[in-house]
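What follows is a structure written as structure tokens; I'll ask about it next.
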Amino acid sequence: MSKIKSYGDMPAEEFKKYGYELIDWAANYIENVGSFPVLPKIKPGDVKRKLPNHAPQSSEPINKIIEDLDKIILPGTTHWQHPNFMAYFNSTASGPGILAELISATFNVNSMLWKSAPASTELEETVLNWFREIINLPKEFWGIIYDTASVSSMHAIAAARENIGFDIRKNGMSGVPKLRLYCSEQAHSSIDKSALTLGIGLDGIRKIQVDSEFRMIPSELEKAIKEDRANDCVPFCVVATIGTTSTTSVDPVEEIAKICTQEKIWLHVDAAHAGVTAMLPEMNRHFKGVEHADSFVVNPHKWLFVPVDLSILYTRKPEVLKKAFSLSAEYLKTAEDSSVINYMDYGIQLGRRFRSLKFWFVLRYFGVEGLQTRLREHIRLGQFFAKWIDEHPHFERVAPTPFSTICFRAKPTGWNDEKKLNELNEKLLNEVNLTGKIFITHTKLNEKFTIRLVVSGLRTEEKHLELAWNVIQETFYKILNDG
Ligand code: PLP
């Protein structure tokens with residue numbers, strides 16, 4: 001006999017009681033996150049070992065689940081919300097964004113059709129129009145929210161593939177000549193994944209050489225396109241990056257756009273991290289030429305304090321994207337289809353979360369000026385840190401710092417052996433991270449092991465950068481002295 005007495009949801013009173021408790025939990029976490037080690041001191045398997053092998057057969061009280069949140073989950077968490085998290089491209093979630101996530105889950109609407117979620121659909125259209133204006137994209141750009149930049153770029157490249165007109169939608173890739181996709185050697189690996197997904201294959205990507213500042217060389221792109229045409233390949237898409245993952249270098253979009261227009265090739269701009277800085281007039285120089293792009297991706301979940309996940313794809317050719325992806329199953333047809341946007345028509349997913357809500361909360365709570373102020377402060381701090389590196393006799397920058405990502409390495413005076421320098425810097429990075437005080441990551445640039453520090457956290461202030469710089473220097477001298 002079943003022991004279950006209720007067939008419904010958690011009672012409202014219990015929801016309120018623990019809801020208030022969990023809001024307190026979240027507020028305390030954010031207030032005190034700086035007191036945890038940024039990286040948990042755990043080994044692979046430590047979290048799993050604390051979890052039972054099977055799901056509970058009978059109901060467990062919510063307070064027991066919250067207890068385990070503290071005992072098992074919290075100690076196994078890398079704290080992305082920590083002010084000293086300066087790794088990858090960090091993403092911090094702001095209070096308004098977190099609260100909106102709660103409401104989004106509360107509605108639990110599925111934004112596949114206008115009919116299935118009118119408010120979500122129309123809010124998405126509205127906030128994406130606001131944001132297009134904020135980042136100075138021309139009016140013709142139409143936007144859609146996906147989860148990540150990887151998925152946004154994949155959809156853009158699928159539209160580019162549709163645009164060349166081999167009726168791939170119907171016939172697939174059989175009989176299609178070899179397609180060619182272009183990006184720089186510094187482009188994000190999501191472009192390679194798009195090639196894997198869309199039948200272009202890794203050999204279908206031409207990685208274009210970069211200059212000494214890690215920017216695509218347009219003349220090399222032109223040469224590659226000519227070579228490919230001569231070999232009966234079909235160039236169909238160029239991906240330019242504004243803010244590459246390793247160094248935040250900026251490809252010369254204006255020159256690349258000229259080549260794309262001349263050659264009739266789709267231009268996709270990946271500005272996943274740095275795209276938000278287009279709202280700062282002093283950063284306009286990095287965005288010259290984006291008005292000629294066919295598509296543009298920017299992630300408010302990276303550097304605009306919106307909780308993961310929210311990526312926006314803007315395109316001036318939404319009809320091509322729709323042609324690539326729309327199918328109309330009978331049960332999804334509605335009377336309003338001809339007069340509304342059904343976002344399911346513009347991508348692989350049918351079901352879609354109500355993501356625009358958290359973006360709306362964040363844009364309204366901070367306002368454009370509030371967001372600009374915070375981005376400016378991060379850039380100021382980034383430039384500050386770059387100056388500290390430049391002024392130190394035993395450190396050097398390995399790439400320019402156009403935004404707030406600093407690529408550097410230790411280079412003690414008189415050390416010229418690259419192998420030894422790589423070993424030193426790898427050790428330095430590992431030991432810095434082992435302190436638990438800060439978290440930074442690395443990249444390889446021209447075979448040099450390069451340490452990368454990113455300032456884009458909502459809670460990162462000058463004092464945190466000072467601490468980071470002190471930890472790095474102390475660790476460096478300790479390694480040198482220990483021999
Ligand atoms: N594009 C660039 C330039 C990136 O730096 C990244 C990730 O850091 C991505 C795309 C992928 O982002 P996502 O995690 O949203 O797929």
Side-chain angles (χ1 to χ4, degrees), residues 78 80 85-93 97 135 143-158 181-198 205 207-208 210 214-216 237-251 253 256 267-278 283 286-287 290 293 295-314 347-349 352-353 355 358-359 378 382 399 401-407 439-445 450 452-457:
T78 296
W80 285 68
F85 184 106
M86 299 168 188
Y88 312 116
F89 279 143
N90 76 7
S91 34
T92 37
I135 59 169
I144 178 167
I145 297 175
Y146 298 110
D147 52 2
T148 57
S150 305
V151 167
S152 292
S153 287
M154 192 278 294
H155 282 88
I157 296 167
L181 169 63
Y182 305 83
C183 60
S184 91
E185 292 164 333
Q186 291 288 318
H188 188 259
S189 55
S190 56
I191 306 308
D192 301 56
K193 284 204 177 177
S194 296
L196 293 177
T197 311
L198 294 168
I205 311 183
K207 297 273 172 90
I208 306 300
V210 293
F214 307 100
R215 303 169 297 197
M216 189 195 288
C237 182
V238 175
V239 179
T241 311
I242 297 180
T244 56
T245 313
S246 280
T247 72
T248 64
S249 61
V250 177
D251 287 337
V253 175
I256 295 170
L267 172 59
H268 174 58
V269 174
D270 178 356
H273 166 73
V276 295
T277 65
M283 289 287 130
H286 296 310
F287 293 88
V290 294
S295 52
F296 179 92
V297 60
V298 52
N299 275 14
H301 83 213
K302 283 203 197 303
W303 196 3
L304 215 61
F305 327 125
V306 174
V308 173
D309 49 16
L310 196 160
S311 172
I312 306 171
L313 179 71
Y314 285 107
I348 288 181
Q349 312 178 235
R352 305 173 71 251
R353 299 181 61 225
R355 292 194 181 90
K358 57 185 169 183
F359 197 26
H378 296 163
T401 308
F403 303 99
S404 57
T405 296
I406 306 95
C407 290
F439 179 29
I440 48 181
T441 44
H442 80 283
T443 186
K444 268 249 165 93
L445 295 172
T450 302
R452 210 176 146 275
L453 183 146
V454 180
V455 189
S456 58

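Side-chain atoms are counted along with the backbone in the values below, which use heavy atoms only and exclude waters and symmetry mates. By convention here, the first residue in the shown sequence is residue 1. As the structure lists them, so they are numbered: ligands from 1, and atoms in each ligand from 1.
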Location of contacts on H273 toward ligand 1, heavy atoms closer than 4.0 Å:
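Neither; nothing of H273 gets under 4.0 Å from ligand 1.
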
We want to know whether T443 and T450 form a side-chain donor-acceptor pair, criterion being a heavy-atom distance below 3.5 angstrom.
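No, no side-chain donor-acceptor contact under 3.5 Å.
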
Side chains of S153 and H268, donor plus acceptor under 3.5 Å:
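The criterion, which ignores hydrogens and geometry beyond distance, is satisfied for H268 and S153.
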
Identify whether NZ of Lys or CZ of Arg in R452 sits under 6.0 Å from the centre of the six-membered ring of F89 and within 45° of that ring's axis.
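Geometry flag: set, cation within 6.0 Å and 45°.
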
Compute the centroid of each ring, for F403 and then for H286, and state whether the two points are separated by less than 6.0 Å.
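Ring centres of H286 and F403 closer than 6.0 Å.
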
Do any nitrogen or oxygen atoms of N299 come within less than 3.5 Å of a nitrogen or oxygen of ligand 1?
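Such a contact does occur with ligand 1.
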
Distance to 0.1 Å, residue and atom name: give those for the protein heavy atom nearest to atom 16 (O) of ligand 1.
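Its nearest protein heavy-atom neighbour is S150 OG, 2.5 Å.
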
Provide the closest heavy-atom pair for Y146 versus R355 in the form atom of the first, atom of the second, distance.
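Here Y146 and R355 meet closest at C-NH1, 3.9 Å.
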
If you count the atoms of ligand 1 from 1 in the order shown, which ones are under 4.0 Å from a heavy atom of K302?
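In order of number, 6 (C), 7 (C), 8 (O), 12 (O), 13 (P), 14 (O), 15 (O).
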
For atom 5 (O) of ligand 1, which candidate among D147, T244, T245, D270 provides the closest heavy atom?
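Minimum heavy-atom distance to atom 5 (O) of ligand 1 goes to T245.
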
Is there any N or O on T241 that sits under 3.5 Å from an N or O of ligand 1?
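The answer is no, given that T241 and ligand 1 share no N or O pair closer than 3.5 Å.
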
Could you tell me if the side chain of T92 sits less than 4.5 Å from the side chain of F85, heavy atoms only?
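A side-chain contact is absent here, since even the closest heavy-atom pair is not under 4.5 Å.
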
Should the proximity of T148 to ligand 1, defined as any heavy atom under 4.0 Å, be assigned to the side chain, the backbone, both, or neither?
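The answer is both, backbone and side chain.
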
Close-contact set for ligand 1 against H301 heavy atoms, below 4.0 Å:
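In order of numbering, the contacting atoms are 15 (O).
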
Side chain to side chain donor-acceptor pair (under 3.5 Å) for T405 and T248? Distances and angles first, verdict last.
CA-CA 7 Å; T405 296; T248 64; 4.6 Å; no

Need the ligand 1 atom indices (1-based, order shown) with element for anything under 4.0 Å from a heavy-atom of F89.
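In order of number, 5 (O), 8 (O).
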
Residue, atom name and distance, where the atom is the protein heavy atom closest to atom 11 (C) of ligand 1:
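Of every protein heavy atom, H188 CE1, 3.3 Å lies nearest to atom 11 (C) of ligand 1.
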
Can you tell which part of A272 has a heavy atom less than 4.0 Å from ligand 1: side chain, backbone, both or neither?
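Side chain only.
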
Assess, by modelled atom type and distance only, whether the side chains of D270 and T241 contain a donor and an acceptor separated by less than 3.5 Å.
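Note: D270 and T241 side chains miss the donor-acceptor criterion.
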
By the definition side chain to side chain donor-acceptor pair (under 3.5 Å), identify the one residue from S311, S194, S295 that meets it with S152.
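Per the side chain to side chain donor-acceptor pair (under 3.5 Å) rule, the option paired with S152 is S311, out of S311, S194, S295.
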
Which of the ligand 1 atoms, numbered from 1, are nearer than 4.0 Å to a heavy atom of G243:
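Those atoms are 3 (C).
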
Is the shortest heavy-atom distance from the side chain of C407 to the side chain of L445 under 4.5 Å?
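Yes; the side chains approach each other to less than 4.5 Å.
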
Around atom 13 (P) of ligand 1, find the nearest protein heavy atom and jot down its residue, atom name and distance.
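Residue, atom and distance for the closest contact: A149 N, 3.6 Å.
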
At a 4.0 Å cut-off, with the gap strictly under it, does some heavy atom of S311 reach an atom of ligand 1?
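No, S311 has no heavy atom closer than 4.0 Å to ligand 1.
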
Backbone, side chain, both or neither: what part of V151 comes under 4.0 angstrom of ligand 1, heavy atoms only?
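It is neither part, as no heavy atom is under 4.0 Å.
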
